Amino acid sequence: MTALTTTGWWRDESREPLRRNLGLIGVLVALFGIGAIIRPDLYGDPQWVVDNTLVILQQAAAIGVVTVGMTFVIIGGGIDLSVGALIALAGVWSTTVATQSFGAGGMIFTAIIVGVLAGLVNGVLIAYGRLVPFIATLAMLVAARGLAAQISGKQTQVSNDQFINGLASSKVLGIPSLVLVLLAVAGLGWVLLNRTTFGRRTVAIGGNQEAARLAGINVRRHTMLLYALSGLCCGIAAIMLTSLATSSQAAAAELYELDAIAAAIIGGTLLSGGRGTVTGSLIGVVVFATITNLFAIANLPTEVQNMVKGGIIVFAVLVQQLKFKSVKQLLTRT
Amino acid sequence: MTTTEPDVILRLSNVVKDFPGVRALDGVELEVRAGEVHCLLGQNGAGKSTLIKVLAGVHKADAGTVEWLGEPVSFANPQAAMKAGIATIYQELDLVDDMSVAENVFLGHEPRKFGFVLPGQAARNTTTILRRLGHAEVPPRRLVRALPNAGKQLVSMARALSHEAKLIIMDEPSAVLAHDEVANLFRIIRDLTAQGIAVVYISHRLEEIREIGDRVTVLRDGQTSAVNLPARTTPTRDLVSRMTGRNIEYVFPPRPETERGELLLEVENLSRDNEFHDVSLKVHGGEIVGIAGLVGSGRSELLETIFGARRADSGSITMSGKPLRGSVATAVRAGLGMAPEERKSQALLLGEPVYRNMTLTTFSRIARFGFTDADREQRESMAVADQLELRPRDVRRSVSTLSGGNQQKVVVGRWLLGGTKLLILDEPTRGVDIGARAELYQVIRQLTAQGVGVLLVSSEVPEVLGLADRVLVMREGRVVRQADAGQLTEDDVLDLVMAGSLDTSGEEAA
């Protein structure tokens, strides 16, 4: 065209993630406001607010770790439906009597190895076996839950390890350890995505797989690694959940895949790949955890809570398409 | 045709269309008569697409008048334009791949009774329309997915006729077609105009406008720089100067009288089943080797095999004396680079800034210990942008906002950054306007002056002859002639390319 479009910095396309994150933080503020209206007695107490915030983050920690891995997979153009099942498998495997005999180190090692190896199986099937990610990870979902039930004999396996069990209740500098784990994983994820060649390859493959391939990027190997990364996050999350419950079972982390995908999507990760941020996903997780917390405080039933969550997902995707132009444009377009 | 002065069916005067910050159309005039082929010529960004969208009811003009069949109109939406008799065939054909031909033709206005669609009726009507287009042999129940591009275009035209269109707008219809399919398209267009239907034809290719067009309107910077020029007799120089605002006397840079460098690429007896057979070629540093051939002659497959994106069945590829084993990564390491045929789908990350597109092959090398260095990437990209005269010269801008020619520069620039010794260019000027083409030719020449070897494929014979030092002519997967560019004329090449394909084209036309 004849002239360049001159608009404010907030319209700049590269500011898109920042804009969206500010929007999500606005949602958090609104949720806080609702809480303050419902229970002014609690929200008026600064100490309670701090404690409650830590409770929310504690509850968001495991799913947050999984969402970081999921964000990478989705940006890379894939999807991982098996995360909940992998957590259950890694959790059960790491709490068998035999594994527990090796102590906390052995349990953590086992959970992570199981997660990574199962993720690698996903990755090999998708990258080299050319299975559609949806199908491959759906199959893994079913199989991993089955294997977890087999290993545990459908019993709840109690953890007897003091370190693991104490992790969830311990604090460092006043911050719960699990929240620190989440922050560490998210921080490493951010660096990995934004500052390393691994992250750049992820964006390139998700944005245009053919272009990445013709630029000499080893698309298959990288795709495989993405699922292994997701599996690694599942292994970490498995330890966190075991610590919270001081036990593991084959039915653990039910529907985590949906929560992780939803959090990534409302955080601005494009389901078709090529775009997304770790920060956005993290805020997405916190938004969902805050809603759960708010409903618990207000003593409202979980059914309503799920409906609200569904509404928020739809709203977030609508906003994604709208790009803040005008409501009129949204309604009149064909 | 007995009428002395054909009726004007469409008249635009002083049409203006503003977008935020941009005036896309700034007083456009257009007059289309019944039964004529009216060509619309203009560089990328001249406003052709916007103009089409105004006619198709996608955009509304902000000022000026659109007169259709003598009445001033303003279409509220594409359906209204369609109903009024204006059909548009976009470059990206808007067909549903998994529906049948008939379902596509009658999409949105299926023949029905009591609310039930009548597939039989639709199929019969479709056959009637296809017969009008001279292609009664296309089965109406065949899935559109199974049709070649030419067939899909036919379905789009059938859809237009199903709406009783009096004006059909075709946006670069030949871009997706092979040479012989274009001839067929022209035959259909002639049939349409003989029935009194007007066609607005948009193309970059002057020779097509000469062949099929009646009158030409030229757009430049949102304004009409010339209206109603005779399509056959207006000198090329006039058309080009009205499009670009300048005269391009020598489109192709002169061939330098230098010795060619060392042997870079040597391909021997390379074959791939059903694609190409027994191809041997050599490319030296500092020379441009051009491959001429039709779509389907195996040329793109050959390039992709050399680049390691496909595996050869037999034969060998050596680069600077070392054998290449079929993988893109090894080819890139050996100093090969490729600008593929489909820029948007095969080369660019449209959501990413220019510099990240430029460093797509080099960011790993620029990175330290796996950590990317965005500052250095931007600096190095900027240097290449300067060298290629990228416009606008801003490497942080999203690559999707660039014109086709500048996007191509980004793809070529990617390989300059990598210190590429041999560059493979597949249709480097497709969808690039004439002004930007001349610049690209200059860029390619400059590269060879630096010792880079270039292997070029183009379906435009004058481009291969004008740019390359040596020319290979391919037909049906075989190299049928190899000669210095100076020893071949366009007619020679066309004869070689077309010979033997006569019986197949006869089959298709039947």
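Keep in mind that this is a model prediction, so the values were computed, not measured.
Most heavy-atom pairs under 4.5 Å with chain A: of the set Q346(B), K344(B), R414(B), this distinction falls to Q346(B). Interface summary for chain A: among V332(B), I366(B), L360(B), the most heavy-atom pairs under 4.5 angstrom belong to L360(B). Contact tally against chain B (heavy-atom pairs below 4.5 Å) for G199(A), G274(A), A211(A): the top residue is A211(A). Between chain B and the residues G206(A), G207(A), A212(A), A215(A), the most heavy-atom pairs under 4.5 angstrom are made by A215(A). Per-residue counts of heavy-atom pairs under 4.5 Å with chain A were compared for G418(B), P340(B), A367(B), S364(B); the largest is that of S364(B). Annotation: maximal heavy-atom pairing with chain A below 4.5 Å, among S327(B), G370(B), G308(B), S345(B), occurs at G370(B).
The OG1 atom of T197(A) sits 12.5 Å away from the CG atom of D373(B) when rounded to the nearest 0.5 Å.
Within 6.0 Å of OH on Y128(A) lie more than 12 heavy atoms contributed by other residues, nucleotides or ligands. Within 6.0 Å of the CZ atom in R393(B), the count of heavy atoms belonging to other residues, nucleotides or ligands exceeds 12. Within 6.0 Å of atom NZ in K53(B), 12 or fewer heavy atoms from other residues, nucleotides or ligands are found, so the atom counts as exposed in its surroundings. Atom CD of Q209(A) has 12 or fewer heavy atoms from other residues, nucleotides or ligands within 6.0 Å. More than 12 heavy atoms of other residues, nucleotides or ligands lie within 6.0 Å of OH in Y90(B), so this atom counts as buried by the packing criterion.
Ionic pairing of E352(B) and R200(A) is not present here: no N-O contact between side-chain nitrogen and carboxylate oxygen is shorter than 4.0 angstrom.
Heavy atoms of E377(B) lying under 4.5 Å from chain A belong exclusively to its side chain. Using a 4.5 Å cut-off between heavy atoms, L214(A) touches chain B through backbone and side chain atoms alike. At a 4.5 Å heavy-atom cutoff, the contact between F363(B) and chain A is made by backbone and side-chain atoms alike. Both the backbone and the side chain of A309(B) come within contact range of chain A, judged by heavy atoms closer than 4.5 Å.
Under a 3.5 Å cut-off, the side chain of T372(B) and the backbone N or O of R195(A) do form a donor-acceptor pair.
Across every non-hydrogen atom of F371(B) and V191(A), the tightest pair is CE2-CG1, 3.6 Å. For G216(A) against A329(B), the heavy-atom pair with the smallest separation is O-CB, 3.9 Å. For the pair A204(A) and L349(B), the tightest heavy-atom approach, listed with the atom from each and the gap, is O-CD2, 3.3 Å.
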